[in-house]
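Lettering follows sequence order; numbering is per chain, from 1.
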Amino acid sequence: MTKYEIVIGLETHVELATDSKIFCSCGGHSSANEPNDCVCPACCGMPGMLPVTNKKVVELAMRAGLLLNCNINRYATFDKKSYYYPDLPCSYQITQWFHPICTNGSVEIKTKNGTRTIGIKQIHMEEDAGKLVHDDWTDTSLVDFNRTSVPLIEIVSKPDFRSSDDVLAYLENLKAMLRFAGVSECEEGAMRCDVNVSIRPEGSTELGVRTEIKNMSSLASIERAIKYETARHIDALERQTEVLVQETRRWDDIKNRTFSMRNKETAADYRYFPDPNLMPIVIDDEWLDSVKASMPASAAQKAEEYKGYGIADKDVEMLTAERNLCDLLDSVIARGCNPKDSVAWILTDCAGILRKNGQIMRNLNISGKKLARIITMVGKNEITRAAGKKVLAAVIEKDVDVDEFCRENSLNAQTDQSAILAVVTRVLDSNAAAVQDYLGGKQKAFGALVGGCMRELKGNGDPATIRSLLEQELEKRR
Amino acid sequence: MKHYITEINPNGTIAVDDTILVKEYETTAGSKILEGFVPLFSAEAVERLINAGYEISGKTNVGEFGLDLLGEFSNSGAVCDGEYLVGAAADLIAKGEIKGALSVDLNGAPRRAAAISGIDFIKPTYGTVSRYGVIPCACSGEQIGVSASNADGLKELLSVIAGHDDKDGTSLPAEKYEYSLDENVSGMKIAVIRELYDKASDGVRAGIDSFKEKLTAVGAQVEEITFSLVEAAQTAWQIALAAETCNNVSRYEGVKFGYRTPNYKNIDELYVNSRTEGMNFLSKAAILYGSDVLSKGRYNYCYDKTLKIRRVVHDAVKAVFSEYDAILAPACGETAYVPYDIKDAFSRVFAESIFTAVPNLTGIPALVTNGVQLMADVYRESVLLSIAKSAEGRE
Amino acid sequence: MNKDKLDGLQQLNELCLTEDEQTVMLDIFDRMKVFEDRMQQIDTENVEVMVHVMPMVNVLREDRREQPFTRESLLEGAPEHTEDSWQVPRLVR
């Protein structure tokens, strides 16, 4: 029986992390709460407004190109692509057809079969389309333009994937890299793929008939769609179940199969032409260098750095999974905090507070300045560790001022010798049994007495002061 | 026969063509497809006039999207003076009812209208006046221009509206432009393009001849030159105009604003019937031709060639202006036009555009006065204004 | 250009011409063909395309969010709409 090789290429659309859209000043997709609350006349196709390109979009596209080892082209243009669909308000999409911003890159993926290199044909910038919601009650479709003109990059791979495992490894890698570099938030639905599938007899160099499965966003669906589609192709070749045609197909997650899309859409002639309203983008060395300089270190680079501090591998892995954790750690270290100590605060204390509130580490939003202040105060015994945790929770939940909160809640550690001495005396007086045990040689009793003092001081007593005064007073009672 | 599609203020002195947005007043570009469309902002040029204290009289009639000769195929009907077609804004100025007007020059219509009505009009250098708020057709070469009864009026209004605007990505950087009426015309060298002169009717040629005499009388030197690229420029601009128009008016499909057909059961019928009922045959012809020149099989032959010819013509025009201060040419082929069938519109407008295409294709300024057209190099509006001024009052 | 291609063009542009108009349109294509062919005679070897007549580069804006228009005002002129969306006949079933 013939063995077949699967050949897959991907076109991956990634939403960029900007505050505003690509060609108008409306808020990006993530700022929308209700349908059509981030729209302007341009977003709903009204005549008269003109597109002006968002600089950050260009710079994030350059950043993506650098991450994927692409050539950053010195000359890039925007072009118009025409087709009719109710989610496309102008009946054209502004994209890059003639001169994309990045070309010819590569990215390494690791699968259980080892490491492979996937070629990147190009990365181009474009605007997103709107969204349709189908309403059963009125038998109408409702059009929401919030997503219209949200900036995207489309990353076009070469047909270098040979299995769905390759595809998943690539997408996961892409997601992690782009998110870590601040190119995209990569939230749910912010990364969408068109998957091009074909098969050929092993050893053949010619490509088989290619079908494109449009607009996939879940990794699980992508995997199933690829498996379905390759089986369909093999059946067609082996058992002549159907004649394969180059076409666009849609994945149905419920029926678990792909469907041919309306012929009209596949037969479209998009009539690309250069957009006269948008001037070319010319990237000189100076601009490219400044974008390179502003590139955050990669996860791999950060991992090396952290291991150098003696941070455990497991912790390094957790930290470098999220850009915000690295930024936070870097910020507190820069403020003079001990790295290992700081990691414990982030991965144990912060994580605990988030978990309690039903959040994950990616949601952690605390200024490095405040966390460093807490760590420093605890380190200098100005507050106890317990008090430190209390402030930390208040900072994470309500973004309070650290010093003010400590003052208002009397968290500042008691170092006043006479006050602590009074408590120690009281505790020793009322715990005669424990005192006897200690004096009789039971070291354990000392801990209970420290605990008693701490309780009396509502957790704010400086532990070192308590210990030394306890020892001193116990000696007097020997 | 209405001069205004929407009236705004009977005491207003400046009319604004219906292809330019005025906030809160219905703006239709002379088309049924935009019926009921009320813009939420005004064009930058309108905003600047209002801020300078001018009052807008109303939205003047234009042919659908400004694509015809003089406005004859407006959804509101043609404006005529007796049996002859006139441009609405130009006619109001000629009759002394208003002081000036804003128009979009995308294929010469306001230049023709000024020539027919005997008023002045200037299409400035591309990028000097913001296109923010223009109902777009041919973005690469369309430009807001002003009309008035004389060169002083042009200078006054153009000075108000010209200058950089962040909202238009093709707006040139200069914040302000100083225009002059006093450049020394004596000693200027002016070229008459023989190919265009020969194409015009006797009446138009007589107008050019008498303007030549005026120029000679003030000491300018007038010479005839050949400029063999006029037809290529005409074809190239037709292709660019049609392609860009096809793309820009594809947004009108009955979904978001303006006209929606009552006859539909599904989205396809909604689209086809709204567009078919909402636009006239001249627009449809431009759309279909424009779509074809951009199609896969034809792009290189037509559109790519057009963009290269644009550079060839641009360079050739530069060469003329390295020797001459200005070009003198007819603004249109006839001295008067009567109403005609819309089935002939595409071919008639195309034929007339040979006189007007070069400034749209290359961005150079053009001025119409005394029924003739003058062109100069980019940024040299003052040459045109000074020539127009010097010819005033000379018979 | 022929009748079939013209049909395709009409479909692509969501337009429907009458029989009469189609005849005129075919004639327009024929007439323009003469001019297109003549235009080819101009030598454009080694000529770069010119999209923008007044060339500039890198016309960019800062990434700042502004939301000066309200949804209500944008929906006001819609032929059919709900309180928050434009409305069209149902697309897919």
Answer with side chain, backbone, both or neither: which region of A/Cys40 has an atom nearer than 4.5 Å to a non-hydrogen atom of chain C? both
Would the number of heavy atoms belonging to other residues, nucleotides or ligands and lying under 6.0 Å from CD of C/Glu76 be above 12? no
From the list C/Val51, C/Val53, C/Val49, the residue making the most non-hydrogen contacts under 4.5 Å with chain A is C/Val51
Heavy-atom contact with chain C under 4.5 Å, split by part of A/Phe273: neither
CH2/A/Trp97: more than 12 non-hydrogen atoms of other groups inside 6.0 Å: no
Going from CG on C/Leu9 to CG on C/Asn13, what distance comes out if it is rounded to the nearest 0.5 angstrom? 6.5 Å
Hey, which of A/Val52, A/Thr138, A/Val133 has the most heavy atom pairs under 4.5 Å with chain C? A/Val52
Any salt bridge between A/Asp128 and A/Arg192, counting N to O under 4.0 Å? yes
Need one label for A/Cys43: side chain, backbone, both or neither, based on atoms under 4.5 Å from any heavy atom in chain C. neither
Do you know which of A/Val57, A/Leu278, A/Thr140, A/Val39 has the most heavy-atom pairs under 4.5 Å to chain C? A/Thr140
Could you tell me which of A/Ser91, A/Cys24, A/Ala76, A/Gly130 has the largest number of non-hydrogen atom pairs under 4.5 Å with chain C? A/Cys24
Taking CG in A/Asn365 as the centre, count heavy atoms belonging to other residues, nucleotides or ligands within less than 6.0 Å. Is the count above 12? no
Face-on cation placement of A/Lys81 at A/Tyr272 ring, 6.0 Å and 45° thresholds: no
Is A/Phe98 in contact with chain C via its backbone, its side chain, both, or neither, using a 4.5 Å heavy-atom distance? neither
Return the CZ to CG distance between C/Arg90 and A/Leu132, rounded to the nearest 0.5 Å. 11.0 Å
Crowding at CZ, C/Arg64 (>12 non-hydrogen neighbours, <6.0 Å): no
Measure distances from C/Met54 to the heavy atoms of chain A and classify the residue's part below 4.5 Å as side chain, backbone, both or neither. backbone
Which atoms of A/Pro86 come close to chain C, meaning under 4.5 Å heavy atom to heavy atom: side chain ones, backbone ones, both, or neither? side chain
Chain C: which of A/Asp136, A/Thr77, A/Ile22, A/Asp144 shares the most heavy-atom pairs with it under 4.5 Å? A/Asp136
